[in-house]
Amino acid sequence: MPDPATEAFVTHRNLLFTVAYEMLGSAADAEDVLQETWLRWVGVDLDTVRDNRAYLVRITTRQALTRLRTLGRRKESYVGPWLPEPLLTSPDVAEDIELADSVSMAMMLVLETLTPTERAVFVLRDVFDFDYDEIAEAVGKTTAAVRQIAHRARGHVAARRPRGGASPKDAQGAMDAFQRALETGDLQQLFDILAPDVVMMGDGGGIKQAVLRPIVGAERVARLLAVGLDRVGAVLTLEPVQVNGYPALIFRLNGELDSVVALRIDDGQITGLYAVRNPEKLSHMEHVTPLCR
């Protein structure tokens, strides 16, 4: 039978991972934060802990904040655009609209524009609904300061967050049309499913070839995709999945995982494509990662 410390940690592990991932955009770093959280948790006198969940989240947040500042320095030397590490997610994530929105590739990129403390406060308050006193303890600020930070972060996110969204049915329809267009090489069908102002971003991390700046416009994106699919002598397969709560395609080249393209769908059209080719960011694409609030 597990001891109380282990039992509490296991009970809240998926929540702690989700908090760390939303703060960091990196599953590998989130796993490291959980390891650090566990090492600190086993040294805590549980008789002094009123709420295991809040205490564990506090430890996780502090560790993630420390790592987030280190990550910022790493990203400055990153080759090409930096995209969040994609996660293969289960249908229940998509069904939780607020959770899916908060971990979507589009929203994760918005969160990248916040300061570390703003990001922590926004995630804990607006995604996980922690009260201001609990957040203040986690980030080492007064409750009044946290309220101001939350207000500022909320305004920043509101000005940049993706528009509209799509119902699961509409999103699936758009995904099916997109996959058919790619598999048949039908450029006109591609133009039709891409929004006129669609944006495509790529992340090869300097290891794999990827677009080095955002590509904007349906015609440019469609032609780039058509060229990318033309691999002489290679067998390319497309596998529809859900990544970060939204539709995505896994591209396999001769059976090997080559890239993941996550989609942003609004009003029945694709408004964003996020293509991750950096192999160091694809380790979580062979198994589902549980996320929860």
- Item | hydrophobic_cluster_shared for Tyr246 and Val199, side chain cutoff 4.5 Å | no
- Query: Less than 4.5 Å apart, any side-chain heavy atom of Arg13 and any of Trp38?
  - Reply: no
- Task: Hey, could you give me the CD1/CG distance between Ile265 and Leu273, rounded to the nearest 0.5 Å?
- Result: 9.0 Å
- Task: Search all heavy atoms of Ala177 against all heavy atoms of Gln189 and return the closest pair with its distance.
- Result: O-NE2, 3.8 Å
- Value rounded to 0.5 Å, distance of CD in Glu85 from NE2 in His284: 6.0 Å
- Are any of the side-chain heavy atoms of Phe130 and Glu137 separated by less than 4.5 Å? no
- Rounded to the nearest 0.5 Å, how far apart are CG of Asp126 and OG of Ser102? 10.0 Å
- Query: If every non-hydrogen atom of Phe9 is compared with every non-hydrogen atom of Leu56, which pair is closest and at what distance?
  - Reply: CD1-CD2, 3.9 Å
- Query: Do other residues, nucleotides or ligands put more than 12 heavy atoms under 6.0 Å from the CD atom of Glu239?
  - Reply: yes
- Message: Check whether Thr143 reaches the backbone of Ala136 with its side chain - one donor and one acceptor, N or O, closer than 3.5 Å.
- Response: no
- With a 4.5 Å heavy-atom cut-off, do His151 and Gln148 have their side chains touching? no
- Does the pair Asp51 and Glu134 meet the rule for a side chain to side chain contact (heavy atoms under 4.5 Å, CB included), with working shown? CA-CA 10 Å; Asp51 182 337; Glu134 290 174 319; 4.2 Å; yes
- Taking the inter-plane angle between the rings of Trp41 and Tyr55 on a 0 to 90° scale, is it parallel (under 30°), tilted (30 to 60°) or perpendicular (over 60°)? tilted
- Item | Polar side-chain atom of Asn14 near backbone of Leu291 as donor-acceptor pair, under 3.5 Å | no
- Given side chain to side chain contact (heavy atoms under 4.5 Å, CB included), test Gln242 with Val93 step by step and report yes or no. CA-CA 9 Å; Gln242 286 198 337; Val93 174; 5.9 Å; no
- Task: Spell out, as yes or no, whether a donor-acceptor pair under 3.5 Å connects the side chain of Asn244 to the backbone of Leu87.
- Result: yes
- Report yes if some heavy atom in the side chain of Val127 is under 4.5 Å from a heavy atom in the side chain of Arg293; otherwise report no. yes
- Side chain proximity check, Leu182 to Leu190, heavy atoms < 4.5 angstrom: yes
- Message: Under a 3.5 Å distance rule, please check whether Thr271 uses its side chain to pair with a backbone N or O of Arg264 as donor and acceptor.
- Response: yes
- Which of these, Leu124, Val33, Thr61, sits in a side chain to side chain contact (heavy atoms under 4.5 Å, CB included) with Met23? Thr61
- Item | Working for side chain to side chain contact (heavy atoms under 4.5 Å, CB included), residues Thr117 and Arg69 | CA-CA 10 Å; Thr117 303; Arg69 294 180 178 112; 3.5 Å; yes
- Other residues, nucleotides, ligands: >12 heavy atoms within 6.0 Å of Glu31 CD: yes
- Are Leu39 and Ile59 co-members of a hydrophobic cluster defined by side-chain heavy atoms under 4.5 Å apart? yes
- Arg125 to Tyr132 six-membered ring, cation-pi geometry met (6.0 Å, 45°): yes
- Message: Please determine whether side chain to side chain contact (heavy atoms under 4.5 Å, CB included) holds for the pair Leu99 and Thr18, giving the CA-CA distance in whole Å, both sets of side-chain angles, and the decisive distance to 0.1 Å.
- Response: CA-CA 10 Å; Leu99 177 61; Thr18 309; 4.1 Å; yes
Considering only distance and modelled atom types, tabulate donor-acceptor pairs under 3.5 Å from the side chains of residues 103-116, sequence neighbours left out.
| from | atom 1 | to | atom 2 | distance (Å) |
| --- | --- | --- | --- | --- |
| Ser104 | OG | Asp101 | O | 3.0 |
| Ser104 | OG | Met107 | N | 3.1 |
| Glu112 | OE1 | Lys75 | NZ | 2.8 |
| Glu112 | OE2 | Lys75 | NZ | 3.0 |
| Glu112 | OE2 | Arg119 | NH1 | 2.7 |
| Thr113 | OG1 | Val110 | O | 2.5 |
| Thr113 | OG1 | His156 | NE2 | 2.8 |
| Thr115 | OG1 | Glu118 | N | 3.2 |
| Thr115 | OG1 | Glu118 | OE1 | 3.4 |

- Task: Quick one: closest heavy-atom pair of Ala30 and Leu24, and the distance?
- Result: N-CD1, 3.9 Å
- Would you name the heavy atoms of Leu34 and Ala20 that are closest together and state the gap between them? CD1-CB, 4.4 Å
- Any link between Leu194 and Met201 through a network of hydrophobic side chains (Ile, Leu, Val, Met, Phe, Trp, Tyr) touching at under 4.5 Å? no
- If you count the non-hydrogen atoms of other residues, nucleotides and ligands that lie under 6.0 Å from NZ in Lys208, is the total more than 12? yes
- Message: With rounding to the nearest 0.5 angstrom, report the OG1 to CG distance, Thr11 to Asn52.
- Response: 8.5 Å
- Under the 3.5 angstrom rule, does the side chain of Ser259 hit a backbone N or O of Phe251 as a donor-acceptor pair? no
- Report the distance from atom CZ of Arg62 to atom CD of Glu36, rounding to the nearest 0.5 Å. 14.0 Å
- Query: Would you say Val221 and Val261 are hydrophobically clustered, going by side-chain heavy atoms of ILVMFWY under 4.5 Å?
  - Reply: yes
- What pair of heavy atoms forms the shortest contact from Pro247 to Ala171, and how long is it? CG-CB, 3.8 Å
- Query: In terms of ring plane angle, is the pair Tyr21 and Phe17 parallel, tilted or perpendicular, where the classes change at 30° and 60°?
  - Reply: parallel
- Task: With the side chain counted from C-beta on, respond yes when Val260 and Tyr274 share a heavy-atom pair under 4.5 Å apart, and no when they do not.
- Result: no
- For the residue pair Arg220 and Ile215, what are the closest heavy atoms and their distance? CB-CG2, 3.9 Å
- Message: Within this structure, what is the CG-OG1 distance for the pair Leu15 and Thr60, rounded to the nearest 0.5 Å?
- Response: 8.0 Å
- Message: So for atom CD, which belongs to Glu183, do other residues, nucleotides or ligands contribute more than 12 heavy atoms lying within a distance under 6.0 Å?
- Response: yes
- Among the clusters formed by ILVMFWY side chains lying less than 4.5 Å apart, do Leu83 and Leu68 turn up in the same one? no
- Query: Do Arg223 side-chain atoms and Leu187 backbone N/O form a donor-acceptor pair below 3.5 Å?
  - Reply: no
- With the threshold set at 4.0 Å, does a side-chain nitrogen-carboxylate oxygen contact exist between Arg180 and Asp186? no
